[in-house]
Amino acid sequence: MSELTEYQGKATMEKITSLAKRRGFVFQSSEIYGGQNGAWDYGPLGIELKNRIAGAWWKEMTRLHYNIAGLDAAILMHPKVWEASGHVENFTDPLVDCKKCKSRFRADMIPEENLASKKCPDCGGELTDTRKFNLMFKSNIGPAEDTASIIYLRPETAQGIYVNYKNIIQSNRMKIPFGIAQIGKAFRNEIVTKNFIFRTCEFEQMEMQYFVKPGTDVEWFNEWRKQRWAYYEKLGVKMDHLRWHQHGADELAHYAKDAYDIQYLFPMGWRELEGVHNRTDYDLGRHSEFSGKDMQYIDQDDNNARYIPYIIETSAGLTRNVLMILCDAYDEEQVAEKGNDDDWRTVLRFHPNLAPVTAAVLPLMKKDGLAEMAQDIRRELQDDYAVDYDQSGAIGRRYRRQDEAGTPFCVTVDYQSKDDKTVTLRFRDSMEQVRVPIAELTARLRQEIKTYKRIK
Ligand code: ATP
């Protein structure tokens, strides 16, 4: 497959941001006060979508792998953790400020000629020298504000896994190779937050750390690259919008032996979605050193050999995955040629497993008992599916609202339903409609979800 050079879809960041707000996926944090940079609130549809994406990842990583255990570690950790991990010393971005317009830039993200001439890319004013800026949010815990009370908001979820590795071996009798999976919030004082929820100061990560015997790390690194690629295929993502990017010597973290990013072709170009890293024995070695605790694994399958395991990390952004899925699903389609505004529809072609609402139940009319019948159907379906109910407005307009929310199925109750106990099942992608007996609806939806193939 030749690589795409330009974004092929209909989404733009403006359209996605505006749809997200209009339909209650994502709102700006503290909007009534002018908004808080780098923070976003997930509305009714957004939290459902985020939960589904997290659920798909969790299922893939834990339920489908007998040797991967779950964890939910605290956000606040002992400050020594961040010394051992290298974050206190090294988790920095190069920063420059414009003395004139006060804009702040990441030095590695502005054109080199601006950096060389110390000229602001926005206003032409003079730039300061580059300085290191630590991305960790720092606060104080307890009543005293002194160096002994310093506490950090975790900048990644991985360290919570490393410090619990022995607990999990002991409590779950894990044997190498094994993994620990975690989904949770992380915080980074990003110098530049832009592109909606792509890069934020508060975000969520989905990380799985796989502990392996030294010498088998390259094999497991390749295996996890394969599995993570296959995962996105399973999610129904446009595979020509994904590619691998291997870290060059200049990008490779000091502890990493090899690292690849899975990049997605967003409307603003190819950007990192997830990283697969061979972190070697660096992390556990450092925690051994800083905590004084022995982090060696005793390999009963290899004459009680003792070693510090190597770690293969798969680290994906959950909130970044939400943006990817929104961009991937976004489509605009001409559905009529009447010269009206509603000749076009906006549709989110979510996989039914990810769609915030699986089915919407719509009575054609409120009167004549159709609404009551539709409410009965909603109650019947709600145990198995996320169901919406909407009885107001023209039916065509209600379909469009559901298309825009990415609801894959609409169930319409009409006068015929009263006579023969059937309903119309409308498919979001093809807009086709079929008649289905109410008694078969739950099973039919299950079948449709299982066999779903994206057609456009
Ligand atoms: P970048 O170089 O873009 O700052 P990174 O390489 O430091 O990111 P990692 O530390 O490897 O990113 O984090 C793993 C994943 O967490 C990333 O692939 C991304 O999906 C997500 N992520 C990292 N930083 C942010 C952020 N500020 N906002 C949203 N998601 C993020």
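Counting convention: from 1, in listed order, for ligands and their atoms alike.
Residues Lys257 and Arg279 have side chains not in contact (no heavy-atom distance under 4.5 Å, counting atoms from C-beta outward).
For the residue pair Tyr399/Asp390, the side-chain donor-acceptor check at 3.5 Å is not satisfied.
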Could you walk me through whether Arg345 and Glu332 pass salt bridge (Lys or Arg N to Asp or Glu O under 4.0 Å), step by step? CA-CA 6 Å; Arg345 69 168 181 155; Glu332 291 166 356; over 6 Å; no
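Of all atoms in ligand 1, listed by their number and element, those nearer than 4.0 Å to a heavy atom of Leu273 are 18 (O), 20 (O).
Nearest protein heavy-atom neighbour of atom 30 (N) of ligand 1: Phe203 CD1, 3.4 Å. Of all protein heavy atoms, the one closest to atom 28 (N) of ligand 1 is Thr200 N, 3.0 Å. Ranking protein heavy atoms by distance to atom 21 (C) of ligand 1, first place goes to Gly317 CA, 3.7 Å. The protein heavy atom nearest to atom 16 (O) of ligand 1 is Gln205 NE2, 3.3 Å. The protein non-hydrogen atom at the shortest distance from atom 7 (O) of ligand 1 is Arg188 NH1, 3.2 Å. From the protein, the heavy atom lying nearest to atom 29 (C) of ligand 1 is Phe198 O, 3.2 Å. Counting only heavy atoms of the protein, atom 14 (C) of ligand 1 lies nearest to Ser315 OG, 3.0 Å. Atom 1 (P) of ligand 1 has as its closest protein heavy atom Arg199 NH1, 3.6 Å.
Ligand 1 lies less than 4.0 angstrom from a heavy atom belonging to His277. Not close to ligand 1: Glu156, with no non-hydrogen atom less than 4.0 angstrom away.
Atom-to-atom distance recorded for Met208:CE and Thr62:OG1 is 11.0 Å, nearest 0.5 angstrom. Between atom CZ of residue Arg23 and atom OG1 of residue Thr346 there is a gap of 10.5 Å, rounded to the nearest 0.5 Å.
By the side chain to side chain contact (heavy atoms under 4.5 Å, CB included) test, Asn90 is found to be paired with His254, residues two or more places apart in sequence or in another chain being considered.
Using a 4.0 Å cut-off between charged nitrogen and carboxylate oxygen, Lys234 and Glu60 count as a salt-bridge pair.
Residue nearest to atom 11 (O) of ligand 1, selected from Glu272, Glu207, Glu202, Glu274: Glu272 (by heavy-atom distance).
Listed by first and then second residue, the side-chain hydrogen bond (donor to acceptor under 3.5 Å, both in side chains) pairs that reach into residues 38-47 come to none, sequence neighbours excluded.
Under 4.0 Å from ligand 1, not a single heavy atom of Asn321 appears.
Backbone and side-chain nitrogen or oxygen atoms of Ala316 are examined, and none is located within less than 3.5 angstrom of a nitrogen or oxygen of ligand 1.
With a 6.0 Å cutoff to the six-membered ring centre and a 45° limit on the axis angle, Arg63 does not count as a cation-pi contact of Trp58.
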